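Presented below is the structure to which this report refers.
Protein chains get the first letters and strands the later ones, always in sequence-line order, with residue 1 at the start of each. The figures that follow rest on heavy atoms only: side chains count, while hydrogens, waters and symmetry mates do not. Quick caveat: nothing in here was measured; it's all calculated off a predicted structure.
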Number of protein chains: 2
Amino acid sequence: MKTEQPQPQPGHESGPEPDSYSISDLAREFGITTRAIRFYEDKGLLSPARRGQTRIYSPEDRVRLMLILRGKRLGFSLDESREIIDMYDPEHGNVEQLQRLLQHIEQKRAQLQQQLRDIQSLMGELDEAEARTRASLAQTQEQ
Amino acid sequence: MKTEQPQPQPGHESGPEPDSYSISDLAREFGITTRAIRFYEDKGLLSPARRGQTRIYSPEDRVRLMLILRGKRLGFSLDESREIIDMYDPEHGNVEQLQRLLQHIEQKRAQLQQQLRDIQSLMGELDEAEARTRASLAQTQEQ
DNA sequence: GCAGAGGCTTACGTTAACGTAAACGTAAAG
DNA sequence: CTTTACGTTTACGTTAACGTAAGCCTCTGC
């Protein structure tokens with residue numbers, strides 16, 4: 001089912017940004033399965049609109065999906081990704097919750113800094129590994 | 001069982017680097033369970049020496065364990081970590097294997113660069129989230 | 001009017017990475 | 001000599017994150 005795009009405000013939006021997506025649109029764009037997308041919804045990470053039974057994804061839904069996938073690339077669980085995404089919307093009423101959110105942000109920041117260090121060292125080691133490999137390759141070739 | 005440290009070359013090594021560790025030594029140091037360490041061995045990531053049945057870990061084994069845990073922090077699977085660790089020792093004989101190793105290194109590098117970008121953007125967003133939270137907190141307090 | 005091309009729900013299967021527990025061996029300490 | 005601490009193997013259990021059907025609905029093109 002191709003989600004129809006009647007170009008709502010005619011000739012005004014220049015960039016090609018659709019205002020809704022089908023589930024397979026998103027699956028194709030991000031190289032995942034529709035099953036995965038529905039799974040994320042099951043886990044409370046997405047809640048697209050419905051036309052009848054059919055899911056209709058807004059650009060905001062698409063952004064959330066991108067955030068989920070970025071979280072995966074960083075090794076976050078879906079629960080962690082949801083927590084991070086939930087930091088965006090300001091529905092946090094009382095002071096305690098805001099304090100805990102700040103702590104949470106600090107924790108994430110610390111984790112990201114650790115990841116940064118890890119990446120730096122691994123990058124350096126990859127450089128060395130590449131050098132050794134090229135050396136080994138050169139030696140193999142000159143014989 | 002405390003692995004005995006008879007200080008083999010007497011009064012020569014100044015730094016406190018033990019030359020062997022028990023499984024619970026390592027478990028304690030890295031905040032994991034002995035079960036996990038044995039699991040890594042099952043998966044071929046470690047192969048410590050044995051005194052009878054008991055596992056004896058060398059400093060090199062300890063380093064491998066550190067690399068495994070760094071891999072985990074970066075969201076790598078144990079298989080991926082093993083592949084990366086295997087890049088270190090030069091047992092790669094023929095040219096094809098070396099070529100594939102180089103490709104492999106390039107892939108990892110690309111992945112790490114993606115992670116770097118991901119971390120940068122997430123860091124920025126954490127800054128914004130913190131700012132919003134502090135603003136929200138200030139507003140709550142001034143009423 | 002019917003064959004595809006999507007989409008939906010429900011449900012069982014699968015893999016990775018351990019957790020948990022049982023049942024046993026051994027060495028030092030009281 | 002028995003408790004305590006640590007170690008071992010074996011094996012079943014668990015959670016996350018989907019994969020893989022099966023069975024059914026609905027619109028579109030021919």
Side-chain angles (χ1 to χ4, degrees), chain A residues 1-6 18 20-58 61-62 64-85, chain B residues 1-6 18 20-58 61-62 64-85:
Chain A
M1 180 193 287
K2 278 273 190 213
T3 306
E4 353 152 352
Q5 304 293 155
S20 80
Y21 307 83
S22 78
I23 192 171
S24 51
D25 285 345
L26 293 182
R28 221 170 301 124
E29 175 173 4
F30 295 113
I32 59 182
T33 66
T34 61
R35 174 69 175 92
I37 298 179
R38 292 195 197 96
F39 182 77
Y40 300 150
E41 182 176 347
D42 262 30
K43 293 299 165 178
L45 291 162
L46 292 173
S47 42
R50 299 264 183 157
R51 181 177 345 193
Q53 290 231 100
T54 305
R55 279 162 251 251
I56 312 282
Y57 295 88
S58 70
D61 291 327
R62 180 174 166 277
R64 289 179 73 91
L65 182 53
M66 294 179 65
L67 294 178
I68 296 170
L69 299 178
R70 185 183 66 183
K72 295 204 63 180
R73 287 196 303 269
L74 291 175
F76 294 168
S77 71
L78 293 183
D79 280 353
E80 285 179 307
S81 284
R82 184 188 24 218
E83 290 175 4
I84 293 177
I85 294 176
Chain B
M1 180 193 285
K2 276 275 187 209
T3 307
E4 355 151 350
Q5 303 293 154
S20 79
Y21 307 83
S22 77
I23 192 170
S24 51
D25 285 346
L26 294 182
R28 221 170 302 124
E29 175 172 5
F30 295 113
I32 59 182
T33 66
T34 62
R35 174 69 176 92
I37 297 181
R38 292 196 196 95
F39 182 78
Y40 300 151
E41 182 175 349
D42 262 31
K43 294 298 166 177
L45 291 162
L46 292 172
S47 42
R50 300 265 184 156
R51 181 175 345 191
Q53 289 231 100
T54 305
R55 278 162 251 251
I56 312 282
Y57 294 87
S58 70
D61 290 327
R62 180 173 166 278
R64 288 179 75 90
L65 182 52
M66 294 179 65
L67 294 179
I68 296 169
L69 298 179
R70 185 183 67 184
K72 293 205 62 178
R73 287 196 301 270
L74 291 175
F76 293 167
S77 71
L78 293 183
D79 280 353
E80 284 179 308
S81 284
R82 181 185 27 212
E83 289 175 5
I84 293 177
I85 293 176

**Study point:** Whole-Å distance separating the CZ atom of Phe39(B) from the P atom of dT10(D)
**Key:** 16 Å

Point to revise | Phosphate OP1/OP2 of dG7(D) contacted by Ser22(B) side-chain N/O (<4.0 Å) | key: yes

Exercise for review: Find the distance between CG (Leu46(A)) and OH (Tyr57(A)) and round it off to the nearest 0.5 Å.
Suggested key: 6.5 Å

Review point. Taking only residues two or more places apart in sequence, or in another chain, which ones meet Glu29(B) in a side chain to side chain donor-acceptor pair (under 3.5 Å)?
Key: Arg62(B)

Check your understanding: Below 4.0 angstrom from OP1 or OP2 of dT8(D), is there any side-chain N or O of Arg38(B)?
Key -> yes

Review point. Rounded to whole angstroms, how far apart are CG on Leu45(B) and C1' on dA16(C)?
Key: 13 Å

Practice item. Could you tell me whether the phosphate oxygens of dT9(C), OP1 or OP2, come under 4.0 Å of any side-chain nitrogen or oxygen in Arg50(A)? Key: yes

**Study point:** Pairing residues for Glu83(B) by the side chain to side chain contact (heavy atoms under 4.5 Å, CB included) criterion, not counting sequence neighbours
**Key:** His104(B)

Revision key, fill the gap. Closest non-hydrogen atoms of Thr33(B) and Ala27(B), given as atom of the first, atom of the second and distance, are C-CB, 4.1 Å

Revision key, fill the gap. Of the listed dC8(C), dT20(C), dC6(D), the closest approach to the Arg35(B) side chain comes from dT20(C)

Review point. Between Gln53(A) (CD) and dC25(D) (C1'), how many Å, whole number?
Key: 8 Å

Check your understanding: Has Thr34(A) got a side-chain N or O lying under 4.0 Å from the OP1 or OP2 atom of dG6(C)?
Key -> no

Review point. Just to confirm, is there a sub-4.0 Å distance from OP1 or OP2 of dA17(D) to any side-chain nitrogen or oxygen of Lys72(A)?
Key: no

Practice item. Mind checking Phe76(B) for me? I need base, sugar-phosphate or nothing, with any heavy atom below 4.0 Å counting as a touch. Key: nothing

Point to revise | Length of the CZ-P vector between Phe30(A) and dC18(D), whole Å | key: 15 Å

Review point. Rounding to a whole Å, what distance do you find between Leu26(A):CG and dG6(C):C1'?
Key: 14 Å

**Study point:** dG19(C) phosphate, OP1 or OP2, under 4.0 Å from Thr33(B) side-chain N/O
**Key:** yes

Exercise for review: Go through dC18(C), dT8(D), dA17(D) for me and flag the one nearest to the Ala36(B) side chain.
Suggested key: dC18(C)

**Study point:** Derivation and outcome, side chain to side chain contact (heavy atoms under 4.5 Å, CB included), residues Leu69(A) and Phe30(A)
**Key:** CA-CA 9 Å; Leu69(A) 299 178; Phe30(A) 295 113; 3.6 Å; yes

Study note, to complete from the structure: Atom CG of Asp79(A) and atom C1' of dA16(D) are separated, to the nearest Å, by 9 Å

Revision key, fill the gap. To the nearest angstrom, the OH-P distance between Tyr40(B) and dC18(C) comes to 4 Å

Check your understanding: Hey, is the side chain of Ser24(B) poking within less than 4.0 Å of OP1 or OP2 on dG7(D), counting only N and O atoms?
Key -> yes

Point to revise | Under 3.5 Å donor-acceptor pair, Arg55(B) side-chain atoms to dT8(D) base atoms | key: no

Exercise for review: Take the protein atom CD1 of Ile68(A) and the nucleotide atom P of dA16(D), then report the distance between them rounded to whole Å.
Suggested key: 16 Å

